[in-house]
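Note sheet for the following structure.
On a predicted model such as this, the values are computed, not experimentally measured, just so you know.
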Amino acid sequence: MIFANGTLLPDSERKNIIPRLEEEIGRTRMGPPLEAEAVIAAVDALGKRLSNGEFDQLLAQFLPAGVTLDELLPLLRREALEEKLRTELGNDPFDTRDFQKTTARVYPLGVLLHVTPGNMPGLPVYSALEGLLTGNVNLVKLPHGDKGLSLAAFSLLAEQEPRIAPYLYAFDLSSREEADLKALAALADGVVTWGGDRAVTALRALAPAGCRLIEWGHRLSFAYVSGYEDKQAELSELAGHIVETGQRLCSSCQVIFLDTDSREEGAAFCREFLPYLNAAAAKRPGTGAQATLSGHTALLERIVEGRAEGEGLFQGKGCSVILRPDRELELSPMEGNVLVKCLPSGELLPTLRRQKGRLQTAGLVCAPEKREALTALLARAGLTRVTRAGRMSASFPGEAHDGEYSLRRYIRIVDTEI
C-alpha cells in the first residue's frame with residue numbers, strides 16, 4: 001500500500017505517484033509552512049485517544065504478540081513534544097535571531113527520505129514525526145514486516161490534522177526496487193537511515209551529491225556488573241529486559257561483562273543468573289522454541305567454524321547463558337540467549353574502543369560508591385547512554401539519540417543581511 005495526500009492507495013498507484021512527487025512537493029513547499037504547533041496538537045490528540053483505548057483493536061491487529069506501545073505513550077504528549085523542541089532547538093527554535101547586520105532563522109532541511117528497519121514497531125512513525133516537527137516533507141520507505149501499523153498511524157494523523165497530509169508519503173518498497181528508491185532519494189535533501197552497514201552503504205550509493213546522509217545505524221549495547229546495590233532486584237530486572245526486548249533493539253543487552261578476570265567467577269555468575277533468566281522467559285510463553293533454536297544454531301555454527309573452544313553453555317528453558325573466553329563486544333544469538341564475558345574495569349576502555357562508533361547503551365550494575373566513576377569511564381569509552389540494568393531500552397522525554405539531538409540534523413540556518 002501507499003500513503004499519499006492523506007489517502008491510502010494500492011501499490012499499483014506507485015508508478016503514477018512517484019513521477020509526480022517533485023511537482024507535488026514543490027507546491028507544498030511554496031505554500032504556508034507546516035507549523036510545529038499543528039503537529040504537536042495532532043499527536044497529542046491521538047496520544048490521548050490511544051490512552052483511552054480507542055485504538056486497542058487496531059493495535060491488536062498490527063502489533064506483534066506481547067508488544068505494546070506503553071513506553072511510547074508518554075512521548076506522544078504535548079508536554080513531551082514541546083520539551084523535545086526546547087531541549088534540541090532552544091526555547092524559541094523558529095523565532096528570528098537578530099545580529100548586528102544579519103538575521104538568522106531556522107528552516108526545514110527540505111525533503112527527508114526515511115529508511116527504517118522493522119525491529120521496533122512504530123519506528124517509521126517516530127522517524128517521520130521528527131521530520132514533521134521540523135517542517136520537512138517526509139518520504140517513508142516502510143520496512144518489511146510493518147504489517148500496516150505505520151500506514152494506519154499516518155492515516156489517523158492526517159485525519160486528525162489535514163495540514164499534515166501533503167508533508168507525508170509512505171511506500172511499501174523492497175530494498176531490491178532500486179529504481180524507485182533512487183527516484184525517492186533524488187527528491188531528498190536528507191536521507192535518514194536506521195539500518196546497518198549494508199543499508200548505509202547502499203544508501204550512500206543512491207543518495208545524490210549534496211544530499212545529507214543522516215545515519216542512525218545499528219548499535220551494540222551491554223550490561224556491566226561490578227558489585228550490586230540490590231542484587232536480586234537488579235539481576236531480575238536485567239533478565240526481564242533481555243527477554244522482553246528479544247535483544248532485537250540497539251539498546252538491548254547482548255553481552256553481560258563482569259568486572260573480573262576469573263573464569264571461575266564467570267561460571268559462577270552464569271549459574272546464578274540462569275534462574276532469573278528462566279523466570280523471565282516463563283512469563284513470555286511462545287518464545288521458548290525460538291530461543292532454544294537460536295541458541296543451539298549459534299553454538300553449532302561456532303563448533304563448525306572451530307570457534308567454540310573454552311565456551312560454556314548454561315541451558316535454560318527457552319533461554320541460555322553462554323560464557324565465552326574472549327572480551328569482545330558482539331551480537332548475541334538473541335531471543336533470550338545472552339553472552340557473558342570477563343572484562344576487568346582496567347581493560348574496559350581499550351576493549352570497547354575497538355567498537356567505536358557502534359556503542360550505545362550500558363546497563364550498569366554496581367555498588368553505589370562505584371557508580372559515578374564507572375559511569376564516567378563508560379562515557380569516555382564511547383557509550384552514549386548509561387542506565388540501570390532493567391531500563392536499557394526505556395525512553396524518556398529529552399533523551400539524545402546515539403549521542404546527538406536528532407532535530408538539529410533536520411534543519412538548516414538561513415542568514416540574511418538586514
Side-chain angles (χ1 to χ4, degrees), residues 219-239 241-242 247 250-277 295 298-299 302 307-314 316 319-334 337-393 402-403:
R219 297 293 188 268
L220 289 170
S221 299
F222 60 89
Y224 193 72
V225 179
S226 181
Y228 302 93
E229 190 172 339
D230 184 339
K231 187 175 186 177
Q232 183 173 347
E234 288 169 315
L235 292 183
S236 178
E237 289 165 4
L238 177 58
H241 157 79
I242 289 168
Q247 298 163 281
C250 291
S251 55
S252 295
C253 176
Q254 306 297 335
V255 179
I256 302 174
F257 286 120
L258 307 177
D259 188 2
T260 179
D261 207 10
S262 167
R263 182 171 173 82
E264 289 74 21
E265 289 182 24
F269 174 86
C270 292
R271 286 190 290 269
E272 185 173 22
F273 185 63
L274 185 59
Y276 290 96
L277 203 58
L299 180 58
R302 290 174 66 82
R307 296 186 294 126
E309 186 177 352
E311 193 166 299
L313 174 64
F314 298 79
C319 60
S320 69
V321 183
I322 304 158
L323 180 63
R324 288 189 178 168
D326 65 279
R327 293 178 173 177
E328 299 305 310
L329 176 59
E330 61 179 310
L331 195 65
S332 72
M334 300 194 289
N337 300 285
V338 68
L339 306 177
V340 173
K341 303 186 181 188
C342 298
L343 179 59
S345 58
E347 298 297 322
L348 193 150
L349 194 147
T351 299
L352 293 181
R353 289 293 294 165
R354 292 196 282 272
Q355 289 287 358
K356 61 182 181 294
R358 299 176 184 273
L359 302 171
Q360 196 206 68
T361 302
L364 180 56
V365 180
C366 67
E369 62 272 14
K370 291 184 178 182
R371 182 163 293 277
E372 184 176 351
L374 285 174
T375 296
L377 180 60
L378 290 164
R380 289 197 297 272
L383 275 296
T384 59
R385 297 174 78 232
V386 181
T387 71
R388 298 282 175 164
R391 291 187 51 78
M392 291 178 62
S393 296
D402 292 342

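Counting only heavy atoms from C-beta outward, the side chains of V255 and R324 never approach each other to under 4.5 Å. Counting heavy atoms from C-beta on, the side chains of P344 and D259 come closer than 4.5 Å. Put simply, the side chain of E328 reaches to within 4.5 Å of the side chain of K341, judged on heavy atoms. The closest side-chain heavy-atom distance from L359 to L329 is below 4.5 Å. Counting only heavy atoms from C-beta outward, the side chains of E330 and L220 never approach each other to under 4.5 Å. Inter-residue side-chain proximity for R388 and E229 is flagged as met; some heavy-atom pair is nearer than 4.5 Å. With a 4.5 Å cut-off on side-chain heavy atoms, Q254 and L339 do not count as touching. V338 has its side chain within reach of F273: a pair of non-hydrogen atoms, C-beta onward, lies under 4.5 Å apart.
Taken to the nearest 0.5 Å, the CD atom of Q360 stands 5.5 Å off from the OG atom of S251. Separation of atoms SG (C270) and CZ (R263) is listed at 8.5 Å; rounding is to 0.5 Å. For the atom pair CD (E272) and NZ (K231), the distance works out to 3.5 Å, reported to the nearest 0.5 Å. Taking CZ of R219 as the start and OG1 of T361 as the end, the distance is 10.5 Å to the nearest 0.5 Å. Summarising the geometry, atom CE belonging to M392 is positioned 5.0 Å from atom SG belonging to C253; distances are rounded to the nearest 0.5 Å.
Closest approach of H241 to S393, counting heavy atoms only: CE1-OG, 3.2 Å. Contact record, L274 with S320: CD1-CA, 4.5 Å, taken as the closest heavy-atom pair. The two residues E347 and T351 come nearest to each other via the heavy atoms O-OG1, 2.7 Å. Annotation for R353 and A381: closest pair CD-O, 3.5 Å, computed over non-hydrogen atoms. Shown here for L383 and A362, the closest heavy-atom pair between the two residues is CD1-N, 3.7 Å.
Shown here are the side chain to side chain contact (heavy atoms under 4.5 Å, CB included) partners of C342, two or more places apart in sequence or in another chain: T260.
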query = Between I256 and I242, is a side-chain contact (heavy atoms from CB on, under 4.5 Å) present by the stated rule, with each step listed?
reply = CA-CA 10 Å; I256 302 174; I242 289 168; 4.3 Å; yes
key: Stepwise side-chain contact (heavy atoms from CB on, under 4.5 Å) test for L323 and F314   = CA-CA 8 Å; L323 180 63; F314 298 79; 4.1 Å; yes
message = Please determine whether side-chain contact (heavy atoms from CB on, under 4.5 Å) holds for the pair Y228 and L235, giving the CA-CA distance in whole Å, both sets of side-chain angles, and the decisive distance to 0.1 Å.
response = CA-CA 9 Å; Y228 302 93; L235 292 183; 3.8 Å; yes
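No side-chain N or O of T384 forms a donor-acceptor pair with one of D402 less than 3.5 Å apart.
Classification of the F257-F222 ring pair by plane angle, with boundaries at 30° and 60°, yields perpendicular.
Across L352, D261, L348, a single residue satisfies side chain to side chain contact (heavy atoms under 4.5 Å, CB included) together with R327, and that is D261.
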